[in-house]
Structures are given as C-alpha cells and as structure tokens.
Q: 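Just passing along the structure, written as structure tokens.
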Amino acid sequence: MNDLFTWAALGSLTGASAATLLATNVIGGLIGPSGDKARKWLALGFALALSYLTAAFATDAGPEKWIIAFFNGLVIFSAALGINQLPPGNRQATPTQLAQGREPRYIRSWV
C-alpha cells in the first residue's frame with residue numbers, strides 16, 4: 001500500500017499531475033468519445049481542486065496561500081496536460097478513425 005498514492009504524494013507536483021491525468025482519462029474513458037472535449041476542463045477543475053485542498057491543509061501559510069494555490073493548480077494542469085505538446089505545431093497528429101480490428105488506446109492525447 002505504500003507504493004500507491006498517499007496524501008503526501010498527492011501534495012507533490014508529480015503526484016497531483018499524475019492523479020489529474022489518471023482521473024480525467026478514466027472519466028473521459030467512461031463517458032466515451034463524446035467526452036474528449038470535456039477532458040481539458042475536467043483536468044483543470046481537478047488540478048485546481050487538488051491545489052486548493054492542499055492549501056486548505058497548509059497551516060503555516062497566510063491568506064496569500066489561496067492566490068498561490070490558483071497558480072499551483074495551473075502548474076499541475078500544465079504538467080498533466082503535457083506542456084511539451086504546446087504549441088500545436090509540436091503535437092503529433094492523432095488519427096480520428098481506428099484501423100479495422102484495432103482497439104482504442106486507453107490513454108490518448110486530448111489536447
């Protein structure tokens with residue numbers, strides 16, 4: 001159980017971005033292809049929620065922690081999004097239709 005997510009891991013950039021990526025891909029996979037456009041917004045909401053939750057538990061910080069939490073949420077979102085895929089010229093084209101007999105990938109690009 002120590003190898004999976006912990007509260008300390010979710011409070012780190014790596015853990016929060018991994019949780020954001022996993023949660024939005026699982027939710028998007030459950031919704032289906034029609035939910036692909038919503039994944040970005042789900043990821044942003046999830047990243048901000050994790051950031052504000054972490055800020056709520058920070059007892060040694062002042063009121064500015066809420067402003068910092070907003071920017072930390074954007075950093076988490078950017079890390080989960082894959083900042084290396086921006087600008088659009090750096091992205092690889094994703095096929096819109098699958099070849100016959102091929103299953104859709106579980107984790108696919110949604111940017």
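Along the sequence shown, residues are numbered consecutively beginning with 1.
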Q: When rounded to the nearest 0.5 angstrom, what distance separates CD1 in Ile67 from CG in Asn72?
A: 12.0 Å

Q: When clusters are formed by joining ILVMFWY residues with side-chain heavy atoms under 4.5 Å apart, either directly or through shared neighbours, do Leu50 and Leu22 land in the same one?
A: no

Q: Roughly how far, to the nearest 0.5 Å, is CG of Leu13 from OG of Ser17?
A: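 Rounded to the nearest 0.5 Å, the OG-CG separation comes out at 5.0 Å.
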
Q: What distance do Leu48 atom CG and Phe70 atom CZ have between them, rounded to the nearest 0.5 Å?
A: 6.5 Å

Q: Consider only side-chain heavy atoms of I, L, V, M, F, W and Y, link residues closer than 4.5 Å, and tell whether Ile31 and Leu44 are in one cluster.
A: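 Different hydrophobic clusters.
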
Q: Under a 4.5 Å side-chain heavy-atom rule over Ile, Leu, Val, Met, Phe, Trp and Tyr, are Leu42 and Ile76 clustered together?
A: no

Q: Starting at OG1 of Thr20, measure out to CZ of Arg39 and round the result to the nearest 0.5 Å.
A: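 Result: 14.0 Å between the selected atoms.
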
Q: May I ask whether Phe77 and Trp41 are part of the same hydrophobic cluster, defined by side-chain heavy atoms of I, L, V, M, F, W, Y residues being less than 4.5 angstrom apart, directly or through others?
A: yes

Q: With sequence neighbours left out, what residues match Ala69 under side chain to side chain contact (heavy atoms under 4.5 Å, CB included)?
A: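 Testing Ala69 for side chain to side chain contact (heavy atoms under 4.5 Å, CB included), a comparison that skips the adjacent residues, returns Ser51, Tyr52, Ala55.
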
Q: If the condition is side chain to side chain contact (heavy atoms under 4.5 Å, CB included), which residues does Phe57 pass it with, not counting sequence neighbours?
A: Leu53

